[in-house]
Amino acid sequence: MIALYQPLSAMTRCFWQAAALGMGLAILYDLLHAAASARPAKRRRNALPDLLFCLAVLGAYFVFTVTVASGQVRGFVLIGALGGFAGTHAVLGRPVRAAANGLWAVLRFLVGGAVRLMRTLARPVCLFWRFGQKNLEKIAKRASISGKKKL
């Protein structure tokens, strides 16, 4: 049985927890959109991050409502989550995106360097393989039975 009347302290704690949920979702939103802006420009560049964000919001709100809010959808939970989201996005939106873009730039530099290094190291191996393959083809032609004239 669900208690219909909860003390004010429990509802206040639930409100602040919803605000913290909104803050976390705002940071997730900014991180997803920073990842989308790091990719080359495409026609629908923001569709995938928005879809992932919507799924994350639905899942997080469902789990929050079931666990913290005792399975009751309450207005102050929505207001707390929206307030936390709006405040965090307004205050920390640009710094989080700038930090995420910097991280993406470092990752792109590291991955690009690793790819260039692998290409440099693989070039002699490929040349050696081609040289060996040509010689093996010559040896195979000399030693094959089907290449000789039949008696």
Side-chain angles (χ1 to χ4, degrees), residues 1-140:
M1 183 170 156
I2 299 174
L4 295 177
Y5 299 103
Q6 294 179 349
L8 185 60
S9 62
M11 289 191 280
T12 305
R13 184 177 60 240
C14 185
F15 173 79
W16 288 114
Q17 289 172 341
L21 174 70
M23 290 176 190
L25 290 173
I27 290 173
L28 175 68
Y29 178 80
D30 291 328
L31 289 174
L32 286 173
H33 278 272
S37 65
R39 293 185 321 206
K42 292 186 179 177
R43 186 171 161 216
R44 289 186 235 172
R45 177 170 71 186
N46 292 333
L48 182 63
D50 286 340
L51 177 67
L52 291 174
F53 178 71
C54 287
L55 291 174
V57 167
L58 287 173
Y61 186 72
F62 174 75
V63 170
F64 183 85
T65 303
V66 170
T67 57
V68 177
S70 303
Q72 297 175 350
V73 178
R74 297 183 170 230
F76 65 86
V77 171
L78 285 172
I79 291 170
L82 288 174
F85 180 86
T88 304
H89 183 65
V91 173
L92 294 178
R94 286 187 179 161
V96 167
R97 284 187 186 195
N101 284 333
L103 179 67
W104 280 111
V106 167
L107 286 175
R108 269 183 293 186
F109 175 75
L110 291 175
V111 168
V115 167
R116 285 190 298 277
L117 178 65
M118 293 303 292
R119 285 182 182 164
T120 303
L121 293 176
R123 209 170 269 143
V125 173
C126 290
L127 289 174
F128 178 73
W129 179 258
R130 283 188 212 139
F131 177 73
Q133 187 177 9
K134 287 179 185 178
N135 287 335
L136 285 175
E137 287 174 1
K138 289 178 184 177
I139 293 170

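Numbering of residues begins at 1 and proceeds along the displayed sequence. No hydrogens, no waters, no symmetry mates; every other heavy atom, side chains included, goes into these values. Just so it is clear, the structure is predicted and the values come from calculations on it, not from any experiment.
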With F85, which residues qualify under ring-ring contact (aromatic ring centres under 6.0 Å, His included), at least two apart?
Y29, F53, H89

For the atom pair [atom1] ([X]) and [atom2] ([Y]), what is the distance rounded to the nearest 0.5 Å?
{"X": "L25", "Y": "L32", "atom1": "CG", "atom2": "CG", "result": "10.5 Å"}
{"X": "L31", "Y": "L52", "atom1": "CG", "atom2": "CG", "result": "12.5 Å"}
{"X": "H33", "Y": "L28", "atom1": "NE2", "atom2": "CG", "result": "9.5 Å"}
{"X": "L55", "Y": "D50", "atom1": "CG", "atom2": "CG", "result": "11.0 Å"}

Minimum heavy-atom distance N101-A34, with the two atoms named
OD1-O, 3.3 Å

Taking only residues at least two apart or on different chains, which pairs with a member in residues 16-27 satisfy salt bridge (charged side-chain N to carboxylate O under 4.0 Å, His left out)?
none

Taking the side chain as C-beta and beyond, is there a heavy-atom pair between L92 and D30 under 4.5 Å?
no

Side-chain donor/acceptor pairs under 3.5 Å, residues 7-21, sequence neighbours excluded:
{"unit_1": "T12", "atom_1": "OG1", "unit_2": "L8", "atom_2": "O", "d": "2.8"}

